[in-house]
Amino acid sequence: MTITRWPAPLLLALLVSAGTFAQPAPAAGERSPPSPHCLDARGVRQLEQASPAAIAVLGANGQAYRLEFTDACPGVNEAEQVRLDAPDGWACGSPGERLVVDGRTCAVAAVGLMDNRSFAETARESSRQYAATLPTVNVTGKSGRSNRSQAFQGSPQFCFATRNVRGWNEDPKGVVVETNPKKNGGHRYYHLELGSSCSILDGATAVDFQSGFQNGLICGNPGDRIVMADNGLVNDGEGGDQRSHTPRFARPGCSVLAVYPRE
């Protein structure tokens, strides 16, 4: 699918508009944290673990947090039951806070805020580690395609589906894409960090995305790229360009190293 570039003024207007609606008024009776860095333990949406020393938590308010343990606490990704216990329902890094993992108790030493980029990085590594623990399954099919895409489970916190992309533009951090928020966990805009200066974007009005795992997701996985779009040029025997009619993997492009929702 070819994705059209936004005009720069339109991109700015969209981002300003999104920022306006991203700050809803507090609901009546909404709980207030005792400190800005505290996590509501009653409203945990997602847990991710990339190392035994800590976990990343997505709160019900959409804010990401890092919880560090007093001692190593492995096995959160594979656990069947995980519970966060905290006095008065707030995890702030105070005495008595703990994560219960399949009956094991892990004391919480510290709680801090994370930005979307850091949470996405942790969630992506957590997903890769979990996929690596799954039993090997040999699949035989007509396509002969590798089944590594079935093992890797993407998340709207660090992936977007190419079929849901509505537009794109460059920004100082790389590229911003607009997606359908109803089909991407409520996220409308994503930042993409590229591996290097991307010359194909100079003057481009449209691009394509190539999924390295061939599952239609762009997550910063090996092989994920932003590539030259099909511009309809053909080889006329006199120097015409036919590169855009080759498969995506053979087109000029740039590696996508990281994907995360716009703050």
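Just so it is clear, the structure is predicted and the values come from calculations on it, not from any experiment.
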For residues [X] and [Y], report the shortest heavy-atom separation together with the two atoms involved.
{"X": "G59", "Y": "L39", "result": "CA-CD1, 4.1 Å"}
{"X": "P95", "Y": "P87", "result": "O-CG, 4.2 Å"}
{"X": "A91", "Y": "L84", "result": "CB-CD2, 4.2 Å"}
{"X": "A86", "Y": "E97", "result": "CB-CG, 4.0 Å"}
{"X": "C254", "Y": "I200", "result": "SG-CG1, 4.4 Å"}
{"X": "C159", "Y": "Y190", "result": "O-OH, 3.4 Å"}

Less than 6.0 Å separating the ring centroids of Y65 and F119?
-> no
Look only at the side chain of [X] and the backbone of [Y], and say whether a donor-acceptor pair between them is shorter than 3.5 Å.
{"X": "R104", "Y": "C73", "value": "no"}
{"X": "R66", "Y": "A54", "value": "no"}
{"X": "E48", "Y": "E125", "value": "no"}
{"X": "N184", "Y": "H187", "value": "no"}
{"X": "R251", "Y": "M228", "value": "yes"}
{"X": "D102", "Y": "E80", "value": "yes"}
{"X": "Q157", "Y": "A123", "value": "no"}
{"X": "D224", "Y": "G212", "value": "yes"}
{"X": "N215", "Y": "L217", "value": "yes"}

Partner set under ring-ring contact (aromatic ring centres under 6.0 Å, His included) for Y260, not counting sequence neighbours | H191
Check: [Y] and [X] side chains under 4.5 Å, non-hydrogen atoms:
{"X": "Q129", "Y": "Q49", "answer": "no"}
{"X": "F209", "Y": "L192", "answer": "yes"}
{"X": "L58", "Y": "V44", "answer": "no"}
{"X": "C92", "Y": "H37", "answer": "yes"}
{"X": "Y189", "Y": "V177", "answer": "no"}
{"X": "S155", "Y": "S127", "answer": "no"}
{"X": "F69", "Y": "I55", "answer": "yes"}

Euclidean distance, [Y] [atom2] relative to [X] [atom1], rounded to 0.5 Å:
{"X": "F158", "Y": "N116", "atom1": "CZ", "atom2": "CG", "answer": "13.5 Å"}
{"X": "T162", "Y": "D208", "atom1": "OG1", "atom2": "CG", "answer": "9.0 Å"}
{"X": "D171", "Y": "R262", "atom1": "CG", "atom2": "CZ", "answer": "10.0 Å"}
{"X": "C38", "Y": "Q63", "atom1": "SG", "atom2": "CD", "answer": "12.0 Å"}

Using the rule that Ile, Leu, Val, Met, Phe, Trp and Tyr join whenever any side-chain heavy atoms are under 4.5 Å apart, tell me whether [X] and [Y] fall into a single cluster.
{"X": "V165", "Y": "L257", "answer": "no"}
{"X": "V227", "Y": "L194", "answer": "no"}
{"X": "M114", "Y": "L67", "answer": "no"}
{"X": "L201", "Y": "F160", "answer": "yes"}
{"X": "L99", "Y": "L113", "answer": "yes"}

Taking it one step at a time, do R166 and T179 satisfy side-chain contact (heavy atoms from CB on, under 4.5 Å)?
-> CA-CA 5 Å; R166 294 173 169 175; T179 70; over 6 Å; no
Ignoring hydrogens and geometry beyond distance, is a side-chain donor-acceptor pair present between [X] and [Y] at under 3.5 Å?
{"X": "N77", "Y": "S126", "value": "yes"}
{"X": "R128", "Y": "N221", "value": "yes"}
{"X": "S199", "Y": "D202", "value": "no"}

Verdict with reasoning, W90 to D40, per side-chain contact (heavy atoms from CB on, under 4.5 Å) = CA-CA 5 Å; W90 294 103; D40 186 350; 3.5 Å; yes
Can we say K173 and E193 salt-bridge, meaning some charged N sits less than 4.0 Å from an Asp/Glu carboxylate O?
-> no
State whether D85 and R83 are salt-bridged, where the test is any N-O pair (Lys NZ or Arg NE/NH1/NH2 against Asp/Glu carboxylate O) under 4.0 Å.
-> yes
